[in-house]
Amino acid sequence: MNVFKYLRDVVASEIEAISAAGDLPADLDTSNVNVEPPREVSHGDAATNAALVLAKQARCKPRDIAEMLSPRLLARDEVVAVDIAGPGFVNLRLADGFWQDRLRDVLVAGADYGISNIGEGRAVNVEYVSANPTGPLHVGHGRGTVFGDVLASLLTHVGYNVTREYYINDAGAQVDVLGRSVHLRYREALGEEIPAEAYEGAYPGDYLVPVGQALATKHGDKFQASPEGEWLASFCGDAVDAMMNYIRDDLAALGVRHDVFTSERALVERGQVDTAFAALEADELIYTGVLEPPKGKPPPDDWEPRPQSLFRSTGFGDDVDRPLKKSDGSWTYFATDIAYHADKVSRGFLDMIDVWGADHGGYVKRMGAAVKALSGGEAALDVKLCQLVKLLDGGEPVRMSKRSGQFVTLRDVVDRVGKDVVRFIMLTRKNDAALDFDLTQVTEQSRDNPVFYVQYAHARVCSVFRNAAAEVPAAAFTPAKLAAAPLDRLTHPAELDLIRRLAAWPRVVEAAALAHEPHRLAFYLHDLAADFHLLWNKGKEEPAVRFIVADDTEITRARLALISAVTVVIAAGLGIFGVEPAKEMR
RNA sequence: GCGCCCGUAGCUCAGCCGGAUAGAGCACUUGAUUCCUAAUCAAGGGGUCGCAGGUUCGAGUCCUGCCGGGCGCACCA
């Protein structure tokens, strides 16, 4: 149950009742009426803005509406106190029993707690990673990868029908560079000395060595000295396949799996770009024009004004119209990307999310414009930009040099700290804020390490259950049996605070999903862990609030129910993150 | 020059599609500390939410203009 949604409905129905009684106008629009947790805890458990929102419509003072509303709310079983505050907020304090029932909800729902159906089965396409197949993934890719993967899980969790997609950019000039780089490695594998300068402008990384060797085995010296035209296409194809295998391995090591891989090259070969182009042309959204060089910046050396095919993206919120064809007549990346998004729309996706690196920010408007144009305004594209990851080790920046081909790959990091740590840490910041990733700190057992902090809460509960099992058979502690525990014994303020936190989970999940902001779950889990650890620490000073009370099996059962619910929610959250909850930490 | 993102406590950051006296951790100050696991705990000080306007019952949040930082700016992807 989303408590605040429930209370919103309660408030709305009481408003209707007041209208029905003739004390307020009929047919008030209550869509803006909200019930939220107050920022200030002393204001109670929930607050509604109903009186403020409806005052204008009802043509009376907010306070008058609040006066009518509050006795009705107070009359309800779950409400124990109502007060009117500030300009007309109605603050509610809910009965302990209401919260204890919410704890029971958690236990009964178990792993399903927090799932909802706000997505109503709608199809959503989440495109993420989409790294160029020219080498292994680096740490920066890792952030977008985890972000997209977890966002996809989150949307699935709230009832969307999610497709996880990877766009393989295997059609551009860089793939030719890759093919040539591999050819160099191929010649090397055949025993040729290749001078280092040959790798200027090529991909120098060692990861291409085995690819060259494999091609030497496959072809012998057949292409060693032959002209590029004879081998380039085939080498590119094999190189891309090899790179995609690397990337798939990297993804697998991170626990990431896509439903669909779409090849740009295949898209072009099937003529889908021509189709998309023709469709836009038919709508008179393409014309031949000459672009001005950007102002305030010296134009590129090879700038020449020339007529080219332009998409009228300015008609859809972009700043300038964008070219679709290069001077050699081939499609621009934008053109193929239009076709790709048209393809997604034709597959039934009206909701699309693309996860990109922040360096592609300048591209957002034109893509959004294209999606609007090609779908007749039906489809929505939300582009999530992920900022840089600053890799540190013990507070010192880790040097990465792409030029030399020496850079820390995502795989290096996953192998060093584990996939669970990488996944969690990548979500400890908002996607559009830069993220520090300290290889040392993230594996320390300290409060500074959010992964540990959350995992430790889970492990601590597991430990309590191991201790409890020494006295009572573990079978007594199934969630179903714990749901029948006397939860009304849980009256300590810290216990009720913990329950309130648990009860907030469904709301947090929904809000995070709607905002496309999975990082909110990480902050929630941290807060939940903090509430739990607080309660634990109380037990140090006040033995009476410890979870296991030797001579009181009933309170023990109730408290085990409470902390069991903590593991349910932590496990649910970590489950969305694709992180395994820890049973013990030693 | 234009566009996008960011600007919140000394530091790192939250702030839930406008809500009440803006929060947390670190650091700092003070006190406690033979503990169900082994991150010690509790309390306290600390703010012109970059600046200036505007929108309204109400703005860190929305709009406009500046300032500062990052990214991008035909024919790369």
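Nothing here was measured: the structure is a model prediction, and the numbers come from that model. Sequence lines set the chain letters: A, B, ... in the order given, protein chains first and strands last, and positions in each chain run from 1. Note that these values count all heavy atoms, side chains included, but never hydrogens, waters or copies made by symmetry.
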Engineer: Assuming nearest nucleotide by heavy-atom distance, tell me which of A:Glu264 and A:Arg546 is located more 5' along RNA chain B.
Structural biologist: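 Counting from the 5' end, the first nearest nucleotide belongs to A:Arg546.
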Engineer: Under 30°, 30 to 60°, or over 60°: which ring-plane class applies to A:Tyr363 and A:Phe334, parallel, tilted or perpendicular?
Structural biologist: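 Judged by the thresholds at 30° and 60°, the geometry between A:Tyr363 and A:Phe334 is perpendicular.
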Engineer: Are A:Arg501 and A:Asp497 close enough for a salt bridge, meaning some N to O gap below 4.0 Å?
Structural biologist: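 Looking at A:Arg501 and A:Asp497, the cut-off is not met.
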Engineer: Hey, is the side chain of A:Asp527 pairing donor to acceptor with the base of B:A24 inside 3.5 Å?
Structural biologist: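 Answer is no: no donor-acceptor pair is held.
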Engineer: Are there runs of at least three consecutive Watson-Crick or G-U pairs touching RNA chain B, with each pair's two distances under 3.5 angstrom? Give them by first number.
Structural biologist: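 Listed by first number, the stems are B:1-7 with B:67-73, B:10-13 with B:23-26, B:28-32 with B:40-44, B:50-54 with B:62-66.
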Engineer: Distances for protein N/O vs nucleotides 67-73 of chain B N/O pairs under 3.5 angstrom?
Structural biologist:
residue: B:C71; atom: O2'; partner: A:Ala358; partner atom: O; Å: 3.4

Engineer: Distance check, P atoms only: B:G7 and B:G54, in whole angstrom units.
Structural biologist: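 Nearest-Å result for B:G7 against B:G54 at atom P: 24 Å.
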Engineer: Does B:A39 have A:Tyr456 stacked on its base, where the ring centres are within less than 5.5 Å and the planes differ by under 30°?
Structural biologist: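 Not stacked: fails the 5.5 Å / 30° test.
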Engineer: Between atom NE2 in A:His533 and atom P in B:A39, what is the gap in whole Å?
Structural biologist: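 It is 10 Å, rounded to the nearest whole Å.
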Engineer: Evaluate the ring planes of A:Phe452 and A:Tyr456, with Trp represented by its six-membered ring, and classify them as parallel (under 30°), tilted (30 to 60°) or perpendicular (over 60°).
Structural biologist: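 Aromatic pair A:Phe452/A:Tyr456 classed parallel.
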Engineer: Decide ring pair (Phe, Tyr, Trp, His ring centres under 6.0 Å) for A:His533 and A:Tyr453; before the verdict, give the C-alpha distance in whole Å, the side-chain angles of both, and the deciding distance to 0.1 Å.
Structural biologist: CA-CA 9 Å; A:His533 290 307; A:Tyr453 193 64; 4.8 Å; yes
Engineer: Expressed in whole Å, how much space separates the P atoms belonging to B:U8 and B:G69?
Structural biologist: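 Approximately 14 Å lies between the P atom of B:U8 and that of B:G69.
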Engineer: Is a donor-acceptor contact shorter than 3.5 angstrom present between the side chain of A:His519 and the base of B:A14?
Structural biologist: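 Side chain to base: no pair present.
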Engineer: When the distance from NZ of A:Lys384 to P of B:C4 is rounded to whole Å, what number comes out?
Structural biologist: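 Roughly 17 Å, once rounded to whole Å.
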Engineer: Return the stacking result for B:A20 and A:His43: yes when the ring centres lie under 5.5 Å apart and the planes under 30°, no otherwise.
Structural biologist: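 It does: the two rings, one from A:His43 and one from B:A20, meet the stacking criterion.
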Engineer: Does NZ or CZ of A:Arg507 lie under 6.0 Å from the centre of the six-membered ring of A:Phe4, at an angle within 45° of the ring axis?
Structural biologist: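 Ring-cation test returns yes.
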Engineer: Within 45° of the six-membered ring axis of A:Trp331 and under 6.0 Å from that ring's centre, is NZ or CZ of A:Lys325 located there?
Structural biologist: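 Yes, A:Lys325 sits over the ring of A:Trp331.
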Engineer: Kindly indicate whether the side chain of A:Asn537 and the base of B:C35 share any N or O donor-acceptor pair separated by less than 3.5 Å?
Structural biologist: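 Donor-acceptor pair under 3.5 Å: no.
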Engineer: Regarding B:C16, can its base be found pairing with the side chain of A:Arg507 as donor and acceptor, where the two atoms are less than 3.5 Å apart?
Structural biologist: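 Yes, a donor-acceptor pair under 3.5 Å.
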Engineer: Should the ring pair A:Tyr333 and A:Tyr167 be called parallel, tilted or perpendicular, given that the plane angle runs from 0 to 90° and is split at 30 and 60?
Structural biologist: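 The rings of A:Tyr333 and A:Tyr167 sit tilted, inter-plane angle from 30° to 60°.
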Engineer: Any donor-acceptor pair under 3.5 Å linking the side chain of A:Asn431 with the backbone of A:Leu385?
Structural biologist: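 Such a contact is found between A:Asn431 side chain and A:Leu385 backbone.
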Engineer: Apply salt bridge (Lys or Arg N to Asp or Glu O under 4.0 Å) to A:Lys61 and list each qualifying residue two or more places apart in sequence or on a separate chain.
Structural biologist: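 With neighbours one apart ignored, the set is empty.
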